[in-house]
Enquirer: 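Okay, here's the structure, questions in a sec.
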2 protein chains.
Amino acid sequence: MKKTILVFGLLILALILLFQFSKYTITSGDVSTEIVVSVIAIVFFFVGIYINKKSLNKLPSETVEIDHDKIKDLEITSREYEVLQCISEGLSNKEIGERLFLSESTIKTHVSNLLLKLNAKRRTQALQIAKSLKII
Amino acid sequence: MKKTILVFGLLILALILLFQFSKYTITSGDVSTEIVVSVIAIVFFFVGIYINKKSLNKLPSETVEIDHDKIKDLEITSREYEVLQCISEGLSNKEIGERLFLSESTIKTHVSNLLLKLNAKRRTQALQIAKSLKII
DNA sequence: TTAGGGGTCATACTAAAGTACCAACGGCAT
DNA sequence: ATGCCGTTGGTACTTTAGTATGACCCCTAA
């Protein structure tokens, strides 16, 4: 946090200096206007990129597109997919049953089928596989 | 793709116009230098942000930064963290033990401590919590 | 040197997960 | 209408996960 303040402080200082410098050079006529304008443009262009990168790092922005075709390829049914989503939320079979108004037996059936279709031995492995396949 | 070319074409055109406009206004002296420089700075600042966003969208860029401070805050030890990573790979306690050359008992101890520290009831829930905390 | 923390391991137990098999119902296509 | 498939649910069982407790070792800070 202190580092961020320091960086931004130096940045603003540098920009003010650049600003004053450009004013001076343009009015004095030592350097051509094109070059000064170009320098300002380039500097602020990269400042924009830098600030943008910083702000993007703070938001997570998890843009993971779900591969619906893959789900169909694996012959995962809609119910099974619902159960898979519940598993990824860390719910137990009992809790999944309560959420979907089904018995724990049914959830076990769905989970077993899911493990077969995802070729997993455990629900945690199913999660890892499903993520690598961009299913969840 | 055609859209991208169109957008960039218009952008470059606008920038050239802005460039010429700034040259004209500075040399003619109608508008103060400060304002022209400010306009150029602001415009290129946002152009930088825009270009950066565009380029970032093209790469998938799974930039999930791990929050090491959080790990320390939760008092998760290095061994426990290793076990957590193994869990996220879908390994069983036995398999984790084999990978880390430890007994299954030890893994169970670490897992239990992890669940306490992450305030989770199950390993799947621990995964979900750890992900939300940007620990894994 | 002693207390505390991290790491290791064990036993004994309960709870949850997972497997196997069976059964029933409804929709849908041949 | 006959068969397939998805969905639901059950029983019975094995395996894995998780808890509780105690023990030992090593290192480090007080």
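In what follows, chains carry the letters A, B, and so on, assigned in the order in which the sequence lines appear, proteins first and then strands, with residues in each chain numbered from 1. Atoms considered below: every heavy atom in the structure, side chains included; atoms not considered: hydrogens, waters and symmetry mates.
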Enquirer: C/dT8, OP1 or OP2 - any side-chain N/O from B/H110 closer than 4.0 Å?
Expert: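 B/H110 to C/dT8 OP1/OP2: side-chain N or O found under 4.0 Å.
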Enquirer: Less than 3.5 Å apart, any donor N or O on the side chain of B/N113 or B/R79 sitting next to an acceptor on the other?
Expert: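 Checked: B/N113/B/R79 side chains show no N/O donor-acceptor pair below 3.5 Å.
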Enquirer: Looking only at the side chain of A/R122 (C-beta and beyond, no hydrogens), which of the listed nucleotides C/dA10, D/dA17, D/dT7 gets closest?
Expert: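 For the A/R122 side chain, the nearest candidate turns out to be D/dA17.
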Enquirer: Starting from P on D/dT8, measure out to CD on A/E80 and report it in whole angstrom.
Expert: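 Checked: the CD to P distance equals 10 Å.
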Enquirer: Classify A/S92 by what it touches in the nucleic acid, base, sugar-phosphate, or nothing, heavy-atom distance under 4.0 Å.
Expert: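 It contacts sugar-phosphate atoms only.
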Enquirer: Counting heavy atoms from C-beta on, name the nucleotide in D/dA17, D/dG10, C/dC9 closest to the side chain of B/R123.
Expert: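 Selected nucleotide: D/dA17.
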Enquirer: Rounded off to whole Å, could you give me the CG-to-C1' distance for the B/N113 and D/dT19 pair?
Expert: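 Whole-Å distance recorded here is 11 Å.
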Enquirer: Assess the side chains of A/T109 and A/T106: does a donor N or O sit below 3.5 Å from an acceptor N or O?
Expert: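 Short answer, no.
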Enquirer: Using a heavy-atom cut-off of under 4.0 Å over every strand shown, decide if A/S78 touches base, sugar-phosphate, or nothing.
Expert: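 Touches sugar-phosphate only.
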Enquirer: Using whole Å, report how far CG of A/N93 lies from C1' of D/dT8.
Expert: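 After rounding, the gap between these two atoms is 15 Å.
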Enquirer: Which one of B/I107, B/L127, B/T124 satisfies the side-chain contact (heavy atoms from CB on, under 4.5 Å) criterion with B/I87?
Expert: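 Testing each of B/I107, B/L127, B/T124 against B/I87, the sole residue satisfying side-chain contact (heavy atoms from CB on, under 4.5 Å) is B/L127.
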Enquirer: Testing the basics here: between B/L91 and A/R122, what is the closest heavy-atom pair and its distance to 0.1 Å?
Expert: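 In this case the closest contact between B/L91 and A/R122 is C-NE, 3.8 Å.
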Enquirer: How long is the line joining NZ of A/K121 and C1' of D/dA17, in whole Å?
Expert: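 Checked: the NZ to C1' distance equals 17 Å.
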Enquirer: What is the distance, rounded to the nearest whole Å, between atom CD1 of A/I96 and atom P of D/dG9?
Expert: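 One finds 14 Å between P of D/dG9 and CD1 of A/I96, rounded.
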Enquirer: Name the residue closer to the 5' end of DNA chain C, choosing between B/L100 and A/L115 according to the nucleotide with the nearest heavy atom.
Expert: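 The residue closer to the strand's 5' end, by nearest nucleotide, is B/L100.
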Enquirer: Counting only side-chain heavy atoms from C-beta out, which of D/dT7, D/dG9, C/dA10 sits nearest to B/S103?
Expert: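 When the side chain of B/S103 is considered, C/dA10 is the closest of D/dT7, D/dG9, C/dA10.
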Enquirer: Between C/dG7, D/dG9, C/dA10, which one does the side chain of A/T106 approach most closely?
Expert: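 Minimum distance to the A/T106 side chain belongs to D/dG9.
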Enquirer: Just to be sure I understand the rule, does A/T77 reach a base, reach only the sugar-phosphate, or reach nothing, if contact means heavy atoms closer than 4.0 Å?
Expert: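 Here A/T77 touches the backbone only, sparing every base.
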Enquirer: Rounded to the Å, how far apart are B/E75 CD and C/dG6 C1'?
Expert: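 Distance, rounded to whole Å: 12 Å.
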Enquirer: Could you work out which one of C/dA10, D/dG9, C/dG18 sits closest to the side chain of A/V111?
Expert: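 My answer, after comparing the listed nucleotides, is C/dG18.
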Enquirer: Salt bridge or not between A/E80 and A/K117? Use side-chain N to carboxylate O under 4.0 Å.
Expert: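 Salt bridge present between A/E80 and A/K117.
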Enquirer: Side chain of A/S112 only, please: which of D/dT7, D/dG18, C/dG18 is the nearest?
Expert: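 My answer, after comparing the listed nucleotides, is C/dG18.
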Enquirer: Please state how far atom NZ in B/K108 lies from atom P in C/dT14, giving the value in whole angstrom units.
Expert: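 My rounded result for the distance is 14 Å.
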Enquirer: Tell me the interatomic distance from A/E98, atom CD, to C/dA16, atom C1', rounded to whole angstroms.
Expert: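 Taking atom C1' of C/dA16 as the reference, CD of A/E98 is at 14 Å.
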Enquirer: Between D/dG9, C/dT8, C/dA17, which nucleotide gets closest to the side-chain atoms of A/S105?
Expert: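 Shortest atom-to-atom distance from the side chain points to D/dG9.
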